[in-house]
Amino acid sequence: RHGLAVEFAQGRVAGLYTLWRPSGWHGPHKLGFGTSVLAVHRLTGASQTIRCGAYDALVHDGGGARTAYYLVEGRLWGFGLFGGGTSPCR
C-alpha cells in the first residue's frame, strides 16, 4: 500500500514517513520521487547518510527534528520526519 505511516510512543506522535511512493507527493523545494541524491543534498542541505539495509536515508537535523530523505539506487524514494537524532531506518 502507498500512503503515510504514523508511529506513536507514549501516546504521542513519534514519527511520520511515506510508504512506498505515493502518487503526486513531493517534499520541500518541490522535490519529487526519483530526484537524484545530489539534487536532494543541494536543495535541502541534508548531508548525513545512514545505511538502512536495502536503502539509504539522507538526513538533516534541526530544530529538534530529523528530516529523512529515503533513497533507493541513488534516487529519492520517500520522506520521513522524526525527533532529533532518531534512527530513520524502519
Side-chain angles (χ1 to χ4, degrees):
R1 296 208 170 230
H2 299 235
L4 181 71
V6 180
E7 289 183 1
F8 293 92
Q10 300 175 348
R12 300 183 74 178
V13 173
L16 304 164
Y17 49 93
T18 54
L19 297 172
W20 292 93
R21 293 170 56 165
S23 178
W25 282 52
H26 61 82
H29 311 288
K30 302 253 183 208
L31 286 172
F33 295 118
T35 300
S36 75
V37 65
L38 294 175
V40 173
H41 170 69
R42 183 177 30 108
L43 292 170
T44 68
S47 60
Q48 181 183 0
T49 301
I50 299 173
R51 186 78 181 143
C52 299
Y55 62 94
D56 294 324
L58 187 60
V59 300
H60 176 74
D61 292 315
R66 171 170 274 181
T67 303
Y69 301 92
Y70 294 111
L71 306 163
V72 174
E73 297 179 2
R75 297 285 176 180
L76 187 61
W77 185 262
F79 306 97
L81 182 61
F82 306 94
T86 302
S87 173
C89 301
R90 296 293 180 267

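Throughout, residue positions are numbered sequentially from 1 according to the sequence presented.
When each of Phe33, Phe79, Tyr55 is tested with Tyr70 by the rule ring pair (Phe, Tyr, Trp, His ring centres under 6.0 Å), just one qualifies, namely Tyr55.
With contacts defined as side-chain heavy-atom distances shorter than 4.5 Å, the pair Trp77/Leu71 does not qualify. Here the side chains of Thr44 and Thr67 are not in contact, with every heavy-atom distance at 4.5 Å or above.
The CG atom of Leu19 sits 11.5 Å away from the CZ atom of Arg90 when rounded to the nearest 0.5 Å. Taken to the nearest 0.5 Å, the OG atom of Ser36 stands 5.5 Å off from the CZ atom of Arg75.
Atom CZ of Arg51 is surrounded by more than 12 heavy atoms from other residues, nucleotides or ligands within 6.0 Å.
Taking every heavy atom of both residues into account, Leu76 and Gly32 meet most closely at CD2-O, 3.4 Å. Pairing each heavy atom of Leu81 with each of Ala65, the nearest pair is CD1-CB, 4.1 Å. Listed here is the closest heavy atom pair of His60 and Gly45: ND1-O, 3.8 Å. Residues Leu16 and Phe82 come closest through the heavy atom pair O-CZ, 4.1 Å. Taking both residues in full, the closest heavy atoms of Cys89 and Ile50 are given as SG-CG2, 4.0 Å, listed atom of the first, atom of the second, then distance. Shortest non-hydrogen contact noted between Asp61 and Gly85 is OD1-N, 3.8 Å.
Cluster membership for Tyr17 and Tyr69, using ILVMFWY side-chain heavy atoms within less than 4.5 angstrom, is not shared. Cluster membership check: Leu4 does not share its hydrophobic cluster with Trp20, using side-chain heavy-atom separations under 4.5 Å among Ile, Leu, Val, Met, Phe, Trp and Tyr.
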